[in-house]
There are 2 protein chains.
Amino acid sequence: MAMNPKPALPVRKSEGSKPVQRPQDVRRVNRASVLELLRERPCSRSELAQMLGLSKPALGDLIGDLLEQNLLLEDTPTPVQRGRYPAPLRINPRRFCVLGLDLSVDNCEAGLYNPLGEPLEILQTFSGVGQGAHEVYRRLLRASREVLSKASMPVAAVGVAAPGPINFEQGQILAPPHFPDLHNMYLVEQLQRDLGLPVYLEHDSAAVARQYLGSTPAENFIYILLHRGIGAGIVIGRQIYRGQHGFAGELGHVSIDIDGEPCPCGNRGCLENIAGTTAIELRYGRLTRTGLELSAIAALAHSGDPVAQLAFEQAGRALGWAAVNLVNLFDPELLVLGGPGAAHADLLIPSLRHHLNTRAYPYLGWGEHLPIEVDTLPKPVGIGAAEYALGAVYRGEIPLPLWERGSA
Amino acid sequence: MAMNPKPALPVRKSEGSKPVQRPQDVRRVNRASVLELLRERPCSRSELAQMLGLSKPALGDLIGDLLEQNLLLEDTPTPVQRGRYPAPLRINPRRFCVLGLDLSVDNCEAGLYNPLGEPLEILQTFSGVGQGAHEVYRRLLRASREVLSKASMPVAAVGVAAPGPINFEQGQILAPPHFPDLHNMYLVEQLQRDLGLPVYLEHDSAAVARQYLGSTPAENFIYILLHRGIGAGIVIGRQIYRGQHGFAGELGHVSIDIDGEPCPCGNRGCLENIAGTTAIELRYGRLTRTGLELSAIAALAHSGDPVAQLAFEQAGRALGWAAVNLVNLFDPELLVLGGPGAAHADLLIPSLRHHLNTRAYPYLGWGEHLPIEVDTLPKPVGIGAAEYALGAVYRGEIPLPLWERGSA
DNA sequence: ATATTTTGTTAGGCAGCCTTATTATATACG
DNA sequence: CGTATATAATAAGGCTGCCTAACAAAATAT
């Protein structure tokens, strides 16, 4: 089933920024802006109008639509200052929900999220790497159905994050190096058929970056996802950049050493063979002839073990090198470290920071001033996947499921 | 004069994509689209309507505006097929012109360009590196005024390309390593004052990329500018990406070797110290104890000199390494080589291509299929600078200068 | 009580697009 | 030569979505 030669259904391209060519598109744009602002915090009509630079009547009209669709709730006005009290508007957290899936090498996760992106119900299991496409997909579907059965509100869409590379046109996973079961799987088509919902597929690293957009005002940043591999979610103008073939951000396969060790990917000296979590474990293992897991090595490093510290330091140094190059190429506003490796960011950041401070193009000390944030959110990939689905609803790409009038 | 502590005039941010929030903005967007299409080739109203996906009446109306402003000319209908002949519309090449300036290390160039970006008049001289900010600016201004005096149509705006880094907010050149005369110069403010025209400042590498946009349909590509330094113009969705501080694309200071030679920029193993034109000259010089210029070395390489060939091959290999990393990070659709170094692209490309083919993330052979084009346009930087000014006119950011009615 | 301030709505208008119908200009062909 | 057909461009009327100006509502200040 995973090997269908061709997809039959039309496949949704996600995050498609349609051209703005007519007045109706303006409405779509403004509607999405309103919802994005309201995700941050409740606002009154006046406040929204001012923030967006639109007139009060225009905004009132727009809000009217959203209220009618029950996407927003209007709370009772609360005292603020003198003058009529503003009526706080907020997103209706019970209007609908979305399903967010994370299909990673060792994690198979299905979660329900409310319109604010908050988790309602999460089911985590193993993806079953090495047991074949059929089995992997079966687990994913089973988890999805189980979670869906618990939904207490209509489900609008599904977002799924998977390792790249991905063919977005066809909704097909191509050839993730550490997850051969998925090779050439038409994931979108299958899920759409089996779940009967619109499905949005995204890179895992793009998904986490998408998720992080919610908690940062940064316009241009790079989210470095540290796990066995290393991915980069590239955000430009608050848009995820995917590349021509949906392939951008393979930071793990950037070469740090032109004559380095060959990597299965074809390149040499790939970053992820030096700074990926597996690489850290292997390095420590080679030095000590043991086979500890990452967290154990981190614990040793914290308790002063110099070899364990070295293992992390070398990874940090390589990441620092990568960071310098990213800065000189992208000039981002922010770097974010996330994923399993980021749990031990305190061991990586000192050498990363040192490299960045001393080597990034030094004018005005942009290297020194570049903030590095650590994303500690528990399940960032699944949330990111859900965000894609949410975004589609916000942009009005998906017809909203019906709701029972009166169920505030 | 070049050291004004603060700029007084409001400085124009160039290429600012204003938000689309109201119906009028839709017009602006569609107007710019029409003009971009007509730059490629003359089209009829029907053809334009179909290409843009707009209705014929809407397009007719828009064209009416543009004709009224004399920005377009309507030629006599010519036989094409049966049915009424379409009236070809084209951009009026005599409606206005723009000034394009290139202030590079060894090139100081002022040119007039018509609305199609075609050069009308170009004056090339030396920038006077090492003679101080005052002298450099004097030369630029003098060349500008001399060229402007030859203008036979109203001048709408000025575009100027300079080496980075640049502070775009302030219109200030910061600290180009090879051109200390320019450090901290408020170029935009001075030019606006001295020329009395709106001025748009851009990186040299971004400018050439902007220029190349005119001759390629590619959405996402990277223009690699090979001169003493190496710059990258990053184009995403047919927009130049500048980075948070207008600093993106410093490809020359990406490190190819974490333990390589120190570079004045603070990093080690910088690409431009291996593959820049100066680096090639130096490498050949070290090997042969001579001091030839690049073109002489290239001539020797063509005539079979193995040392000269090696000097280019090593640069090509480093560029290939960079290309692989760019592909794995950006997944571009196209790479373009331009600038003085690109004149000898035939000596660089074989090893570059080899590296790219064997090492880029191999799925579907995207490395192998990635086209590499060589930009052979004679003065690409000046044209690129002019393009920025043209774009501003097309987007309607600049009030068009008056014209004498009747001067078709 | 009355003035003031702030929020939100109503009414009327403009811009820009669409659809449908009409006019203009050409070829094809009996 | 006249009519059918095809294509281009315009005209008329309508819808959407924004704006401004005026107004109604709801609170505080005095």
Side-chain angles (χ1 to χ4, degrees), chain A residues 18-35 37-38 41-69 72-90 395-396, chain B residues 18-35 37-38 41-69 72-90 395-396:
Chain A
K18 294 174 186 167
V20 179
Q21 287 193 326
R22 51 215 75 194
Q24 292 89 314
D25 300 330
V26 169
R27 182 71 150 207
R28 194 169 42 76
V29 169
N30 288 335
R31 172 192 147 115
S33 303
V34 164
L35 288 169
L37 285 174
L38 285 177
R41 63 185 174 80
C43 293
S44 71
R45 292 167 173 81
S46 292
E47 214 174 344
L48 288 168
Q50 193 171 10
M51 285 192 290
L52 286 175
L54 293 179
S55 69
K56 286 190 293 178
L59 223 100
D61 192 46
L62 190 58
I63 297 294
D65 278 9
L66 292 170
L67 283 172
E68 189 153 342
Q69 291 175 58
L72 295 186
L73 297 178
E74 188 164 5
D75 291 339
T76 55
T78 47
V80 187
Q81 75 291 57
R82 82 189 205 158
R84 174 172 169 177
Y85 296 156
L89 299 160
R90 61 189 168 93
R395 288 191 305 276
Chain B
K18 295 173 186 168
V20 180
Q21 286 193 328
R22 51 216 73 195
Q24 292 89 311
D25 300 329
V26 169
R27 182 72 151 208
R28 195 169 43 75
V29 168
N30 288 334
R31 172 192 146 116
S33 302
V34 163
L35 288 169
L37 285 173
L38 285 176
R41 63 185 173 78
C43 293
S44 70
R45 292 167 173 80
S46 291
E47 215 175 342
L48 288 168
Q50 193 170 11
M51 285 192 288
L52 285 176
L54 293 179
S55 70
K56 287 193 289 180
L59 222 99
D61 192 45
L62 207 129
I63 297 293
D65 279 8
L66 292 169
L67 284 171
E68 189 152 342
Q69 291 176 58
L72 295 186
L73 296 178
E74 187 163 6
D75 291 339
T76 54
T78 46
V80 188
Q81 75 291 57
R82 80 190 205 159
R84 175 173 168 176
Y85 295 157
L89 299 160
R90 61 191 169 92
R395 287 191 305 277

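Sequence lines set the chain letters: A, B, ... in the order given, protein chains first and strands last, and positions in each chain run from 1.
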Checklist entry - Closer to the 5' end of DNA chain C via nearest nucleotide, is it A:Pro23 or A:Pro88? => result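 In this pair, the answer is A:Pro88.
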
Checklist entry - Mapping A:Gly83 and A:Glu47 to their closest nucleotides on DNA chain C, which lands nearer the 5' end? => result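 Per heavy-atom nearest nucleotide, the more 5' residue is A:Gly83.
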
So, does [X] get its side chain near the phosphate of [N], meaning an N or O under 4.0 Å from OP1 or OP2?
X       : N      : answer
A:Asn30 : D:dG17 : no
B:Ser55 : C:dC17 : no
A:Arg22 : C:dA15 : no
A:Ser46 : C:dT6  : no
A:Tyr85 : D:dT28 : yes

Measure [atom1]/[X] against [atom2]/[N] and give the value in whole Å, please.
X       : N      : atom1 : atom2 : answer
A:Lys56 : D:dC23 : NZ    : P     : 14 Å
B:Gln24 : D:dC18 : CD    : P     : 10 Å
A:Leu62 : C:dT9  : CG    : P     : 12 Å
A:Ile63 : D:dC18 : CD1   : C1'   : 15 Å
B:Leu48 : D:dT10 : CG    : P     : 13 Å
B:Arg28 : C:dA15 : CZ    : C1'   : 14 Å
A:Arg31 : D:dC18 : CZ    : P     : 13 Å
A:Gln50 : C:dT6  : CD    : C1'   : 12 Å

Item to check | Taking every non-hydrogen atom, the tightest pair across A:Leu67 and A:Leu72 | outcome: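 Residues A:Leu67 and A:Leu72, closest heavy atoms: CD2-O, 3.4 Å.
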
Next on the checklist: I want to verify a distance call: between D:dC18, C:dG8, D:dT20, whose nearest atom is closest to the A:Pro57 side chain?
Outcome noted: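 Nearest to the side-chain atoms of A:Pro57, counting from C-beta on, is D:dT20.
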
Checklist entry - What is the nucleic acid contact for A:Leu54, judged by heavy atoms within less than 4.0 Å: base, sugar-phosphate only, or nothing? => result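 Contact class for A:Leu54: sugar-phosphate only.
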
Next on the checklist: Tell me if the side-chain of A:Arg84 makes a donor-acceptor pair with the base of D:dA27, cut-off 3.5 Å, by modelled atom types.
Outcome noted: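 It does not, because no donor-acceptor pair links the side chain of A:Arg84 to the base of D:dA27 below 3.5 Å.
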
Checklist entry - Between B:Gly60 and A:Gly53, who's closer to the 5' end of DNA chain D by nearest nucleotide? => result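 That would be B:Gly60.
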
Item to check | Pairing of B:Arg41 and B:Glu47 as salt bridge, 4.0 angstrom limit | outcome: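 A salt bridge links B:Arg41 with B:Glu47.
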
Next on the checklist: For A:Arg31, is there an ion pair with A:Asp25 - N to carboxylate O distance below 4.0 angstrom?
Outcome noted: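 Salt bridge absent between A:Asp25 and A:Arg31.
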
Item to check | Test log, rule side chain to side chain contact (heavy atoms under 4.5 Å, CB included), inputs B:Arg22 and B:Arg28 | outcome: CA-CA 10 Å; B:Arg22 51 216 73 195; B:Arg28 195 169 43 75; over 6 Å; no

Item to check | Gap separating the CG atom of B:Leu89 from the OG atom of B:Ser44, nearest 0.5 angstrom | outcome: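 B:Leu89 atom CG to B:Ser44 atom OG measures 7.0 Å (nearest 0.5 Å).
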
